[in-house]
Amino acid sequence: MFLEKQEFSLHLANLAVKSLIEEAELTPKPGLVDKDNSGSHSDMTFKTMIQSAEALEPTFRGIAEASFKHDLSQELREEIAAIGRRGEFEMLEATGGINTHKGAIWALGLLVSSIAMNPDGSSLNKIAFTAGELARFSDRNLTEQMTNGKRAKDRYGVNGAKGEAQQGFPHLIKVALPELFTSRNRGIEENHCRINALVALMASVDDTCILHRGGAEALSCTKSLAAEILASGGVSTKQGWKLLGRLDQSMRKYNASPGGSADLLAAALFLDFFQQSRTQMTQKQQLLLNY
Ligand SMILES: CC(C)(COP(=O)(O)OP(=O)(O)OC[C@H]1O[C@@H](n2cnc3c(N)ncnc32)[C@H](O[C@H]2O[C@H](COP(=O)(O)OP(=O)(O)OP(=O)(O)O)[C@@H](O)[C@H]2O)[C@@H]1O)[C@@H](O)C(=O)NCCC(=O)NCCS
Ligand SMILES: Nc1ncnc2[nH]cnc12
């Protein structure tokens, strides 16, 4: 790609922040913070989400710089874990103590690191696979704390954010990106393509955010309503749009929110933006060569 370390790292960090902002901007989203309302989150606003996203630029830049042309190793895993934890702290400072993007720092941090390790090019599948390999190294400096995610994992035996990453982000590669690309190929407007990708995630992800607030009933209700939307042709159809409203009501009934799916949607947008930037860059380089 012929970019230097600092320029490339800034580019990745900007794409990561852009993906968080565009995820927050996507409206309407069931149970989540969007431009219209705060869904099931009485402690968050659209403004908090944007402040949080912008505060994370140095975190993603730091992770990219640390990973640039670095081998996959325990040392790298621990270095980016330390930067990621500082990022969590900075997020909490920016939001006045509210956890807006913890899962997103984790997923995007690993993906940024994976791309920066091999800046000259990998397929999206390979990027997610390498991010998974990195996530499988243990972080020996981690002070074990009880979290909502761990409680949900212990109680319901699900994989959660850690398992998703360690398996190489199957929901990104097999669910969110295919739905995004298929919807685009059907000529659907971009906003609806992204909501379809979110709905596809909600139909499949064992979201510890939903489990911790609403239990197994809320998760199974979410999955079946989301699957119904997809079966009706997605949110660009009259029936799909109507069902999206029902999914929103259901999230509110359980006071639950698909925060894990929202993070994975941001991660899918990030990979999509990165792919587009790579294509644009190659075209620009070809133009320069042909000039
Ligand atoms: C490995 C870590 C991700 C920690 O994971 P763990 O499961 O222990 O911890 P949680 O604190 O619960 O955070 C996990 C967050 O991941 C998102 N998520 C949930 N399910 C999935 C899934 N199946 N796949 C992917 N991602 C998932 C989700 O994030 C979103 O929800 C957040 C709000 O959550 P919560 O605080 O529970 O919210 P409320 O319901 O509002 O809480 P209450 O007010 O009711 O208490 C929001 O932030 C979204 O982002 C989960 O919350 C990882 O953090 C870790 O180990 N980090 C260390 C640093 C590191 O190694 N970094 C590496 C490189 S950066
Ligand atoms: N839009 C959103 N609303 C609530 N929690 C989130 N976590 C990540 N994105 C979110």
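For ligands, and for the atoms within them, numbers begin at 1 and follow the listed sequence. A quick note: this is a predicted structure, and the numbers were derived from the prediction, not measured.
The closest non-hydrogen atom to atom 2 (C) of ligand 2, taken over Leu20, Leu198, Leu32, Leu265, comes from Leu32. Of the options Ala161, Gly103, Ala107, the smallest heavy-atom separation from atom 24 (N) of ligand 1 is shown by Ala161.
Ion pairing of Lys223 with Asp206 is present here, as a side-chain N (NZ or NE/NH1/NH2) and a carboxylate O approach within less than 4.0 Å.
The protein heavy-atom contact nearest to atom 64 (C) of ligand 1 is Ile80 CD1, 3.7 Å. Among all non-hydrogen protein atoms, the one lying nearest atom 50 (O) of ligand 1 is Asp263 OD2, 2.6 Å. When hydrogens are left out, the protein atom nearest atom 52 (O) of ligand 1 is Cys209 SG, 4.0 Å; that is the closest non-hydrogen contact. Counting protein heavy atoms only, atom 6 (P) of ligand 1 is closest to Thr147 OG1, 3.6 Å.
At least one N or O atom of Thr100 sits closer than 3.5 Å to an N or O atom of ligand 2. Polar contact check, Gly149 against ligand 1: a nitrogen or oxygen pair lies under 3.5 Å apart. For Val205, no nitrogen or oxygen atom sits less than 3.5 Å from a nitrogen or oxygen atom of ligand 1, counting backbone and side chain alike. Taking distance alone, with nitrogen or oxygen atoms compared against 3.5 Å, Trp106 stays at or beyond that limit from ligand 1.
Scanning both residues, Gln166 and Arg136, for their nearest heavy atoms gives O-NH1, 2.6 Å.
At most 12 non-hydrogen atoms from other residues, nucleotides or ligands lie less than 6.0 angstrom from NZ of Lys162.
For ligand 2, the atoms sitting less than 4.0 Å from at least one non-hydrogen atom of Asp263 are 7 (N), 8 (C), numbered in the order shown with element in parentheses. Residue Ala262 approaches ligand 2 through these ligand atoms, each under 4.0 Å from one of its heavy atoms: 8 (C), 9 (N), 10 (C).
Under the 4.5 Å side-chain heavy-atom criterion for Ile, Leu, Val, Met, Phe, Trp and Tyr, Val33 and Tyr254 are members of distinct hydrophobic clusters.
Of the protein's heavy atoms, at least one falls inside 4.0 Å of atom 8 (O) of ligand 1.
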